Amino acid sequence: MALLEVEDLTVQFYTDDGVVRAVDGINYEIRRGEALGLVGESGAGKSVASLALLDLIRAPGEIVGGEIRLDGRNLLECSTDELRGIRGDEIAMVFQDADAALNPVYTVGEQIAEAIRVHEDVSDRAARDRAIDLLERVGIPEPAARYTDYPHEFSGGMQQRAVIAMALSCDPDLLVCDEPTTGLDVTVQAGILELLEDLARESDTAIQLVTHDLGIVAELCDRVLVQYAGEIVERAPVEDLYYDPKHPYTVGLLASIPRLGDDRERLPTVPGTVPSLVDPPTGCRFHPRCPYAEDACARRSPPLVEADTETPAAETAPDAHLAACLEYTGDLEDGLDYEVQVRDEPPADRSDRDRGGETR
Ligand code: SF4
C-alpha cells in the first residue's frame, strides 16, 4: 500500500469574484521513501494541494471533496486532536520562507527542542540533546554552540537547515517541502537539496516537493506531477518526463530552462498566463495557450491516460507515464509535432485569442 493516497481532492476558495477551484479533483500517491515533485507555474494549485495534506486550508478556502489517506487512514475524517498529532509526527512541512517560519525571540535550538517536547514526553535535557543532534544532522557546524543562536544570527541557508531539523524532529513519514530553496543562492540551494536527498535515503522519509523549478525536480525526485490550472496534466518517472515529455505544457516548461552552452539568444516561454480558476477555459484548460490546439480542444476535457496505451489513470501502475491531452485519446487531427511547434513566440494567429482569454 502507498504511504499517501490522494483521491479526487478538490479545494475551493470563495472570493468576491466567484468560486476559485484551486485544486480540481487531483489524484496521486506517494510510496514510502519516494520523492515526488509537484511542478507548475504560480497559480497552478501546487501549494494549495500541499497545504491540504496538513489541513492548513483556511477561510475563505475549503476542502470540498476527495480523500487524503495516510497509511490507509482518511485524514479528512480525523478530529482536530488527531490531526494535531499527525502534523509533525507523521507529516511535516518545510515552508519556503525559513525566516518567517522561525520565531525571532527564541533561540533556534529552543524552537527545535520545543517541537520535540510537543510531540513526545521527554525531559528538557533529552529534548536539548536531540535538538543538537538534529542541528548536526542537517549540517550546522558546532551545533552545541549554535543551539543558543537566535534566527537572525543564522544565514538564509542555515535557517532553512534549522527549519528542516525542526520538521525532522519527530521523524515524520512524509516531508512536504514547499519551494524549500527559493530565494537561496545556487550553492546553498545545492546543499539543501543534497541534505534532503540524504535524509530521504537514511530514514526512508517520503518527500513531496513543490516547486516551479524543473531543475530541482531532476536532482531530487523519483517521479513528477505537472499541475496546470488546478489539474494534473502529466505524471511520469523523472527521466521519462525530461527525455520524453508528453504534454505540450510540459514541453513548454522544459524548453524554457536555460542549459549550459545554450546559444539561444532568447529562451522560449509558454505564451499567455495561467487562466482564472473562477471561470477556467472550456475543454482542455491549456488550449488558449497551446500551440497545437485544435477545435476539439475547446470542447473536450482530456482525461489523464497512459500516453502509449490510452489506459485510464486509475488502472495504471504508479510508474506509468500519463498525460491529459487529446493526442493520447486519438482525438487530434494533426497531432503533436514538438520539433516544429516549440517556438520562441506564440503563433501569430493565437496572440489575439490569448489576450482576450477566449476559447476556440
Ligand atoms: S488537448 Fe489540445 S489544447 Fe490541450 S494540450 Fe492537447 S493539443 Fe493542447
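The shown structure was predicted, so the numbers you read here are calculated from the model rather than taken from an experiment.
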Open item on the list: Are Tyr228 and Leu277 linked, directly or through intermediate hydrophobic residues, by side-chain heavy-atom contacts shorter than 4.5 Å (ILVMFWY only)?
Closed with: no

TODO: Applying salt bridge (Lys or Arg N to Asp or Glu O under 4.0 Å), name anything that partners Arg117, two or more places apart in sequence or on another chain.
DONE: Glu114, Asp124

Open item on the list: Could you see if Leu9 belongs to whatever hydrophobic cluster contains Ile86? Use Ile, Leu, Val, Met, Phe, Trp, Tyr and a side-chain cutoff under 4.5 Å.
Closed with: yes

TODO: Specify the closest pair of heavy atoms between Arg235 and Pro318, including all atoms of both residues, with the distance to one decimal.
DONE: NH2-O, 3.1 Å

- [ ] Verify side-chain contact (heavy atoms from CB on, under 4.5 Å) between Ile116 and Val122, making sure each step is shown before the conclusion.
- [x] CA-CA 8 Å; Ile116 295 167; Val122 292; 3.9 Å; yes

TODO: List, by chain and then residue number, the residues other than Val186 in its hydrophobic cluster (Ile/Leu/Val/Met/Phe/Trp/Tyr, side-chain heavy atoms under 4.5 Å); write none if there are no others.
DONE: none

Open item on the list: Side-chain heavy atoms nearer than 4.5 Å, only ILVMFWY residues, links allowed to pass through others: does that put Leu3 and Leu83 together?
Closed with: yes

TODO: Please check if the side chain of Glu5 supplies one atom and the backbone of Leu70 the other of a donor-acceptor pair under 3.5 Å.
DONE: no

Task: Residue pair Val238 / Asp222, side-chain heavy-atom distance below 4.5 Å - done: no

TODO: Write down the atom of Pro104, the atom of Tyr150, and the distance for their closest heavy-atom approach.
DONE: O-CD2, 3.6 Å

TODO: Apply side-chain hydrogen bond (donor to acceptor under 3.5 Å, both in side chains) to Arg128 and list each qualifying residue two or more places apart in sequence or on a separate chain.
DONE: none

Open item on the list: Is the ring pair His247/Phe286 parallel, tilted or perpendicular, if the boundaries are 30 and 60 degrees?
Closed with: tilted

- [ ] With the side chain counted from C-beta on, respond yes when Leu76 and Ile63 share a heavy-atom pair under 4.5 Å apart, and no when they do not.
- [x] yes

TODO: Calculate, to the nearest 0.5 Å, the distance between atoms CD and CG belonging to Glu110 and Asp149 respectively.
DONE: 11.5 Å

Task: Pairwise side-chain contact, Val19 with Phe13, heavy-atom cut-off 4.5 Å (strictly under) - done: no

TODO: Taking the side chain as every heavy atom from C-beta outward, state whether Asp24 and Arg285 have any pair of such atoms under 4.5 Å apart.
DONE: yes

Task: Pairs meeting criterion salt bridge (charged side-chain N to carboxylate O under 4.0 Å, His left out) with involvement of residues 311-323, two or more places apart - done: Arg31-Asp319

Open item on the list: Measuring from atom CD of Glu239 to atom NE2 of His321, what distance do you get when rounded to the nearest 0.5 angstrom?
Closed with: 12.5 Å

TODO: Quick one: do Leu38 and Gln227 satisfy side-chain contact (heavy atoms from CB on, under 4.5 Å)? Show the steps, please.
DONE: CA-CA 7 Å; Leu38 201 51; Gln227 195 164 342; 3.7 Å; yes

Task: Over all atoms of both residues, closest heavy-atom pair of Ala167 and Ala92 - done: O-CB, 3.3 Å

Open item on the list: Measuring only between side-chain heavy atoms, which start at C-beta, is Cys177 closer than 4.5 Å to Leu196?
Closed with: yes

Open item on the list: Per the salt bridge (charged side-chain N to carboxylate O under 4.0 Å, His left out) rule, what does the pair list look like for residues 150-179, sequence neighbours excluded?
Closed with: Arg32-Asp173

- [ ] Examine the side chains of Glu62 and Tyr14 and answer whether a donor and an acceptor come within less than 3.5 Å of each other.
- [x] yes

Task: Partners passing side-chain contact (heavy atoms from CB on, under 4.5 Å) against Arg84 (at least two apart in sequence or in another chain) - done: Thr80, Asp81

TODO: Kindly state each residue pair satisfying salt bridge (charged side-chain N to carboxylate O under 4.0 Å, His left out) with at least one member in residues 36-47, sequence neighbours excluded.
DONE: Glu41-Arg289

- [ ] Check step by step if side-chain contact (heavy atoms from CB on, under 4.5 Å) holds for Leu174 and Leu53.
- [x] CA-CA 10 Å; Leu174 174 64; Leu53 298 185; 4.3 Å; yes

- [ ] Indicate the atoms forming the closest heavy-atom contact of Cys325 with Leu332, along with that distance.
- [x] SG-CD1, 4.4 Å

- [ ] Taking the side chain as every heavy atom from C-beta outward, state whether Val6 and Asn27 have any pair of such atoms under 4.5 Å apart.
- [x] no

Task: Partner residues of Ala313 under the side-chain contact (heavy atoms from CB on, under 4.5 Å) criterion, sequence neighbours left out - done: Leu304, Leu322

- [ ] Could you check Val224, Thr250, Asp213 and say which one makes a side chain to side chain contact (heavy atoms under 4.5 Å, CB included) with Val39?
- [x] Val224

Task: Same cluster (ILVMFWY, side-chain, under 4.5 Å), Leu4 and Leu225 - done: yes

Open item on the list: Working to the nearest 0.5 angstrom, can you tell me the gap between Asp97 CG and Asp99 CG?
Closed with: 5.5 Å

Task: Over 12 non-hydrogen atoms of neighbours within 6.0 angstrom of CD in Glu202 - done: yes

Open item on the list: For the residue pair Thr329 / Asp331, report whether a side-chain donor-acceptor contact shorter than 3.5 Å exists.
Closed with: yes

Task: Heavy-atom side-chain proximity of Asp55 to Leu75 below 4.5 angstrom - done: no

TODO: Kindly give the heavy-atom pair with the smallest separation between Ala98 and Val163, and that separation in Å.
DONE: CB-CG2, 3.8 Å

Task: From Leu209, Val23, Val210, Leu56, residue fulfilling side chain to side chain contact (heavy atoms under 4.5 Å, CB included) relative to Ser50 - done: Val210

TODO: Using a 4.5 Å cut-off on heavy atoms from C-beta on, say whether the side chain of Met93 contacts that of Leu51.
DONE: yes

Task: Nearest-0.5 Å distance, CD of residue Gln160 to CG of residue Leu102 - done: 8.5 Å

Task: Residue list, side-chain hydrogen bond (donor to acceptor under 3.5 Å, both in side chains) with Asp244, at least two apart or on another chain - done: Lys246

TODO: Given salt bridge (charged side-chain N to carboxylate O under 4.0 Å, His left out), test Arg73 with Glu90 step by step and report yes or no.
DONE: CA-CA 12 Å; Arg73 184 170 34 154; Glu90 295 174 57; 3.1 Å; yes

Task: Distance-only side-chain donor-acceptor flag, Gln208 / Tyr28, under 3.5 Å - done: yes

- [ ] Supply the atom-to-atom distance Leu175 CG to Ile164 CD1, rounded to the nearest 0.5 angstrom.
- [x] 7.0 Å

Open item on the list: Using a strict threshold of under 4.0 Å (side-chain N to carboxylate O), is an ion pair present between Arg69 and Glu77?
Closed with: no

Task: From CA spacing to verdict: side-chain contact (heavy atoms from CB on, under 4.5 Å), Leu36, Cys221 - done: CA-CA 5 Å; Leu36 180 84; Cys221 296; over 6 Å; no

Task: Passing candidate, salt bridge (charged side-chain N to carboxylate O under 4.0 Å, His left out) with Arg223, options Glu234, Glu34, Glu29 - done: Glu34

Open item on the list: Please enumerate all residues that pass side-chain hydrogen bond (donor to acceptor under 3.5 Å, both in side chains) together with Ser203, with sequence neighbours excluded.
Closed with: Thr205

- [ ] Sequence neighbours left out, what passes side-chain hydrogen bond (donor to acceptor under 3.5 Å, both in side chains) with Gln111? Give chain and number order.
- [x] none

Open item on the list: Minimum heavy-atom separation for Ala320 and Pro237, please, with both atom names.
Closed with: O-CD, 4.2 Å

Under 3.5 Å, side-chain donor or acceptor atoms of residues 129-145 against the rest of the protein: list the pairs with distances, not counting sequence neighbours.
from	atom 1	to	atom 2	distance (Å)
Arg130	NH1	Glu120	OE1	3.3
Arg130	NH2	Glu120	OE2	3.2
Arg130	NH2	Ser169	O	2.9

